[in-house]
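Throughout, a chain's letter reflects where its sequence line sits, starting with A, and its residues are numbered from 1.
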Protein chains: 2
Amino acid sequence: MMISTKGKYALQTMIDLAQQAQMCACEDTECTCVSLKAIAERQNISLKYLESIAALLNRGGLIKSTRGKDGGYRLAKPAEEITVAEVMAITEGSLAPVSCLDTCSDGQCVHADGCLTLPMWQKLDAVIDEFLSGVTIRDILERRI
Amino acid sequence: MMISTKGKYALQTMIDLAQQAQMCACEDTECTCVSLKAIAERQNISLKYLESIAALLNRGGLIKSTRGKDGGYRLAKPAEEITVAEVMAITEGSLAPVSCLDTCSDGQCVHADGCLTLPMWQKLDAVIDEFLSGVTIRDILERRI
DNA sequence: ATAATCCCTATTATTTCAATAGGATTAGTA
DNA sequence: TACTAATCCTATTGAAATAATAGGGATTAT
């Protein structure tokens, strides 16, 4: 499995936040704050687990938090400017299809020169990244994909 | 990680077999038999682990075995007719990027209808399969990729 | 003050991965 | 026939990653 529940939940969270922001009709950007409790219930995810995922997204700059009562999270930028690739990079780390890809590409693998398979894995990695970089949260939300 | 060492080693093995068959200049198809011991040494893989991987490829119909002394394995069909996708399907099982993909696609997920992300994961899965289905052992061997 | 929320560190249960172990079976060869 | 080198088969294990869980601390609106 390339993408664990962590990345899957993170994406669900981003979509949920985008959805809730959309629903809010008023002009106050602060009122689009959504609590993890609400997301956890809607998406059926453990609240405590979700907290650790939200922390990653927050540190990664994809969401912003408001602490204290009535606090919560909101998207740090418009849904059409956030790609699935960004969300995965922050929560899953590398999406390299094989483990040696990162080190081999860095020239740390002594066999990289003669390795027949490396170029193929690199190409696959590029294909995946290209696809995920082309899909935004907005695309998913509006069922454009 | 999408592809474990099992799939990686399996591909290395297929390439090794193709390479050795190429090297054999005689007409006797049986003489292209390559022992796992030789592959394990060349590819630096544990022999015992390789045995279990070769068993999968054998049952999957990608290689053929000859038992007893001077036995070994050989490709079941020409290298240009074996794709990386086949090798991965046999050794890794599903390459579904997220765990729910297989069950959701089978209509076993009660939420699949309203699931916004399912189409995206399905598309990613298709993109990966399309790429790997387009690469043959021969392509890799001749550095065409 | 209180309650609701985010924030932080540590621990644990489960599963998967990667390999190891120990033989049984088969076939070529002296 | 005995010997050897190979595939074949089942079970076990050690290590790592995954997916939570636990217990609180800090912050803020009311």
Side-chain angles (χ1 to χ4, degrees), chain A residues 1-10 12-13 17 20 28 30-41 43-60 62-74 76 88 91-100, chain B residues 1-10 12-13 17 20 28 30-41 43-60 62-74 76 88 91-100:
Chain A
M1 202 61 44
M2 186 170 53
I3 289 154
S4 66
T5 59
K6 193 184 280 186
K8 204 183 98 183
Y9 290 168
Q12 287 177 233
T13 299
L17 287 176
Q20 300 308 315
D28 186 358
E30 294 302 310
C31 87
T32 61
C33 245
V34 182
S35 76
L36 288 186
K37 190 168 174 248
I39 297 175
E41 279 168 9
Q43 306 289 336
N44 199 35
I45 304 170
S46 144
L47 174 60
K48 278 294 189 179
Y49 192 28
L50 192 54
E51 282 184 350
S52 65
I53 294 168
L56 292 174
L57 293 170
N58 196 11
R59 272 177 237 138
L62 291 190
I63 59 178
K64 283 180 180 168
S65 71
T66 304
R67 299 187 66 171
K69 196 170 190 299
D70 296 337
Y73 291 94
R74 60 192 186 285
M88 293 306 136
T91 51
E92 296 283 339
S94 166
L95 282 190
V98 290
S99 61
C100 66
Chain B
M1 203 60 45
M2 184 167 55
I3 289 155
S4 67
T5 57
K6 193 184 282 186
K8 205 182 97 184
Y9 290 167
Q12 286 175 235
T13 299
L17 287 176
Q20 300 308 315
D28 185 0
E30 294 303 309
C31 88
T32 59
C33 245
V34 182
S35 75
L36 288 186
K37 188 164 174 252
I39 297 175
E41 277 167 10
Q43 305 289 335
N44 200 35
I45 304 170
S46 146
L47 173 61
K48 278 294 190 180
Y49 191 28
L50 192 55
E51 282 184 352
S52 65
I53 294 167
L56 292 174
L57 293 171
N58 197 10
R59 273 177 239 139
L62 290 191
I63 60 179
K64 282 179 182 169
S65 72
T66 303
R67 299 188 66 171
K69 195 167 189 301
D70 296 337
Y73 292 93
R74 60 192 186 285
M88 294 307 136
T91 51
E92 296 283 338
S94 166
L95 281 189
V98 291
S99 60
C100 68

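Taken from NZ in B/Lys64 to CG in B/Asn58, the straight-line distance is 10.0 Å, to the nearest 0.5 Å.
Judged purely by distance below 3.5 Å, without hydrogens or angles, the side chains of B/Glu92 and B/Ser4 pair a donor atom with an acceptor atom.
Checking D/dA6, C/dC7, D/dT18 against every side-chain atom of A/Ser4, the shortest atom distance belongs to D/dT18.
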Just the table, please: protein N/O against nucleotides 10-13 of chain D N/O, every pair under 3.5 Å.
none

Dump every N/O contact between nucleotides 19-22 of chain C and the protein below 3.5 Å, one line per pair.
{"from": "C/dT20", "atom 1": "OP2", "to": "B/Ser46", "atom 2": "OG", "distance (Å)": "3.2"}
{"from": "C/dG22", "atom 1": "N7", "to": "B/Lys48", "atom 2": "NZ", "distance (Å)": "3.4"}
{"from": "C/dG22", "atom 1": "O6", "to": "B/Lys48", "atom 2": "NZ", "distance (Å)": "2.4"}

Please enumerate all protein N or O atoms sitting under 3.5 Å from an N or O of nucleotides 28-30 of chain C, with distances to 0.1 Å.
none

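Heavy atoms only, all atoms of each residue included: A/Leu50 and A/Ala40 are closest at CD2-N, 3.7 Å. When all heavy atoms are compared, the tightest approach of A/Lys8 to A/Ile3 is N-CG2, 3.9 Å. Contact detail for A/Cys33 and A/Gly71: the closest heavy-atom pair is SG-C, 4.1 Å.
B/Lys69 pairs by the side chain to side chain contact (heavy atoms under 4.5 Å, CB included) definition with nothing, not counting sequence neighbours. Evaluation of the side chain to side chain contact (heavy atoms under 4.5 Å, CB included) rule for B/Ser46 yields B/Lys48, B/Tyr49 as partners, not counting sequence neighbours. Residues forming a side chain to side chain contact (heavy atoms under 4.5 Å, CB included) with B/Ala10 (at least two apart in sequence, or on another chain): B/Ile53, B/Leu57, B/Val87, B/Thr91. For A/Glu41, the side chain to side chain contact (heavy atoms under 4.5 Å, CB included) partners two or more places apart in sequence, or in a different chain, are A/Lys37.
Atom CD in A/Glu92 sits about 7 Å away from atom P in D/dT18, given to the nearest Å. Taking atom NZ of residue A/Lys8 and atom P of nucleotide D/dA19, one finds them 9 Å apart after rounding to whole Å. Between the CE atom of A/Met2 and the P atom of C/dT16 there is a distance of 18 Å, given to the nearest Å. In this structure, B/Arg74 atom CZ and D/dA6 atom C1' are separated by 14 Å, rounded to whole Å. Atom CD1 of A/Ile3 and atom P of D/dT18 are 12 Å apart (whole Å). Remark: P of C/dC7 and CD1 of A/Ile53 are 14 Å apart, rounded to the nearest angstrom.
Listed pair A/Asn58 / C/dC6 fails the phosphate criterion, with no side-chain N or O lying under 4.0 Å from OP1 or OP2. Between A/Ser65 and C/dT5 there is no side-chain polar atom (N or O) within less than 4.0 angstrom of OP1 or OP2.
Side-chain contact between A/Arg74 and A/Ile63 is absent, with no heavy atoms from C-beta onward closer than 4.5 Å. Put simply, the side chain of B/Arg59 reaches to within 4.5 Å of the side chain of B/Leu56, judged on heavy atoms.
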